[in-house]
Amino acid sequence: MAALVSSSPTTLRLSAAEWQARATEHEDRADALTAGHRERKLRGEKHPIEDFLWHYYSVKPRELRRWHPGAGVVLEGADRGSWRHYMTVATAPNRSGSDPTDNSVTTSADSLDTNLRTDSFVDLSEFFATRGGTVDYVENLLSATLERTPRYGCFGLHEWAMVYRMTPEQLRHSALPLRIGHEATDLVVEQHPIACTHFDAFRFFTPEAAPLNTLQPTRETQPELEQSGCLHAGMDVYKWASKLGPIVPGEVLLDTFELARDIRVVDMQASPYDVSSLGLAVIPIETPEGKREYSRLQRGFAERGNGLRERVLEAIAAARALEGSQI
């Protein structure tokens, strides 16, 4: 049964036709983005590049497909009472000739009749009560990242440090050979300064490579070190958006997924693995030409990532502004 509340806490109403069209568009876009993964999963096939997006990040295709309007939007005629962090209310539709913004909400069970419809919106009070700590962390991390000067001199050497002094059978992507061999790969690591700022990349360095990093990032120092030039920090905008659930509009979530996917491809193109069997060109970061190409792509990802960080922060700000108005 729909909940009964005394007033509507919204700033925007979408008719059933409007929000259903947006939801369908989102679902179609998500289906296109996940089609390859879903087909490979049915065949039991692995993919050394795209599987990262589904194994490292916890979002499932069906979750990516679920459209959310963001905070402060009512979906007319929707019943999302079973959706996490949503509230559904019984609402009296507009009477002919009445103020179209006056969508009276019934306050008594005695008033329920067949003319009432159910409307749904994000329950911000409940959301912040259960997810407030996560919101605070994400907001602080993304804000700090935006304020920090990006670095463009790492050249993707984190991937090389992850295989430093490994034997062939120890490699994570055993189906892909190292394109310049093990000894030459180790030499690249030894002859270049390693300056990884991202903890979730650094923690996968081999024990021999970790001391070579000029920084020793930890989970605790992540907000102090995260910077937008880092490819993994750019991919993680997707992770942070997904952790904020329904307060992030679906369009923003899919944009962050597309950025993560594009970055992941370049991450592997610049890695020591030979990705030519996947139809991809190599970015040889051990050469001056490769370094220039990596830096060029890195700058583009930093710009895209910062734009998305701002959009996620705007979604948080909108939710915070509306939280106290809900009844």
Side-chain angles (χ1 to χ4, degrees), residues 1-14 19 22-23 26 30 57-60 62-91 103-109 112 116-146 200 219-220 222-223 226 236-257 308-327:
M1 181 177 177
L4 303 178
V5 298
S6 59
S7 63
S8 174
T10 64
T11 59
L12 175 66
R13 284 183 174 272
L14 294 179
W19 71 259
R22 288 178 60 179
H26 175 93
Y57 300 117
S58 60
V59 182
K60 294 177 172 58
R62 68 175 181 273
E63 295 169 330
L64 194 66
R65 193 176 191 266
R66 178 171 282 193
W67 176 74
H68 298 288
V73 181
V74 120
L75 305 179
E76 294 185 349
D79 184 356
R80 293 191 172 187
S82 62
W83 288 37
R84 193 178 183 190
H85 305 308
Y86 273 84
M87 178 180 288
T88 296
V89 300
T91 305
N103 287 283
S104 303
V105 180
T106 184
T107 58
S108 169
L112 288 174
L116 294 178
R117 67 160 187 261
T118 57
D119 294 347
S120 294
F121 53 86
V122 179
D123 184 348
L124 294 173
S125 296
E126 189 273 337
F127 175 81
F128 278 105
T130 58
R131 303 294 292 165
T134 297
V135 177
D136 291 344
Y137 182 84
V138 173
E139 186 175 36
N140 291 335
L141 179 66
L142 297 187
S143 297
T145 305
L146 282 171
D200 284 315
R219 180 68 68 203
E220 291 71 28
Q222 187 171 6
E226 203 85 317
D236 274 2
V237 180
Y238 166 57
K239 175 173 71 174
W240 303 127
S242 69
K243 285 184 177 297
L244 298 178
I247 70 169
V248 173
E251 296 82 359
V252 177
L253 180 63
L254 292 188
D255 285 349
T256 63
F257 177 85
L308 287 167
R309 288 181 181 95
E310 291 174 351
R311 291 169 70 188
V312 173
L313 288 171
E314 288 170 0
I316 293 174
R320 287 198 188 282
L322 290 165
E323 178 190 6
S325 67
Q326 288 194 339
I327 299 176

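As the structure is a prediction and not an experimental result, all values here were calculated from the model.
In this structure, Trp19 has no ring pair (Phe, Tyr, Trp, His ring centres under 6.0 Å) partners at least two apart in sequence or on a different chain. Residues passing the ring pair (Phe, Tyr, Trp, His ring centres under 6.0 Å) test with Tyr238, sequence neighbours excluded: Tyr57, Phe257.
A distance-only check finds no donor-acceptor pair linking the side chain of His26 to the backbone of Pro249 [under 3.5 Å]. With Asp119 contributing its side chain and Val89 its backbone, the two residues share no donor-acceptor pair below 3.5 Å. Judged by distance alone, the side chain of Thr118 and the main-chain N or O of Ala90 form no donor-acceptor pair under 3.5 Å. Of the possible polar contacts, none joining the Ser143 side chain to the Asn140 backbone as a donor-acceptor pair under 3.5 Å is found. Judged by distance alone, with hydrogens and angles left aside, the side-chain atoms of Arg22 form no donor-acceptor pair with the main-chain N or O of Trp67 at under 3.5 Å.
Comment: Asp200 engages Lys239 in a salt bridge, judged by a side-chain N to carboxylate O separation of less than 4.0 angstrom.
Rounded to the nearest 0.5 Å, atoms CG (Leu124) and CD1 (Ile247) are 7.5 Å apart. Here CZ of Arg311 is found 8.0 Å from CD of Glu251. Values are rounded to the nearest 0.5 Å. Here CZ of Phe127 is found 8.0 Å from OG1 of Thr134. Values are rounded to the nearest 0.5 Å. For the atom pair CZ (Arg80) and NE2 (His85), the distance works out to 13.5 Å, reported to the nearest 0.5 Å. With rounding to the nearest 0.5 Å, the separation of OG1 in Thr145 from CG in Leu142 is 6.0 Å. The distance from atom OG of Ser120 to atom CG of Leu14, rounded to the nearest 0.5 Å, is 12.0 Å.
Closest non-hydrogen pair, Val252 versus Val312, comes out as CG1-CG2, 4.1 Å. Leu253 and Thr256 get closest at one heavy-atom pair: O-OG1, 2.6 Å. For Gly81 against Thr88, the heavy-atom pair with the smallest separation is N-OG1, 2.9 Å. Minimum heavy-atom separation, Ser125 to Glu323: OG-O, 4.0 Å. Nearest approach of Leu141 to Pro223, heavy atoms of both residues: CD1-CA, 3.6 Å.
The aromatic ring centroids of Tyr86 and His68 lie less than 6.0 Å from each other.
Sorted by first and then second residue, the salt bridge (Lys or Arg N to Asp or Glu O under 4.0 Å) pairs with a member in residues 312-322 read Asp136-Arg320, Glu139-Arg320; sequence neighbours excluded.
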Under the side-chain contact (heavy atoms from CB on, under 4.5 Å) criterion, do Leu313 and Leu146 qualify, and how do the steps go? CA-CA 11 Å; Leu313 288 171; Leu146 282 171; 3.5 Å; yes

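For the pair Leu12 and Val74, the minimum side-chain heavy-atom distance is 4.5 Å or more.
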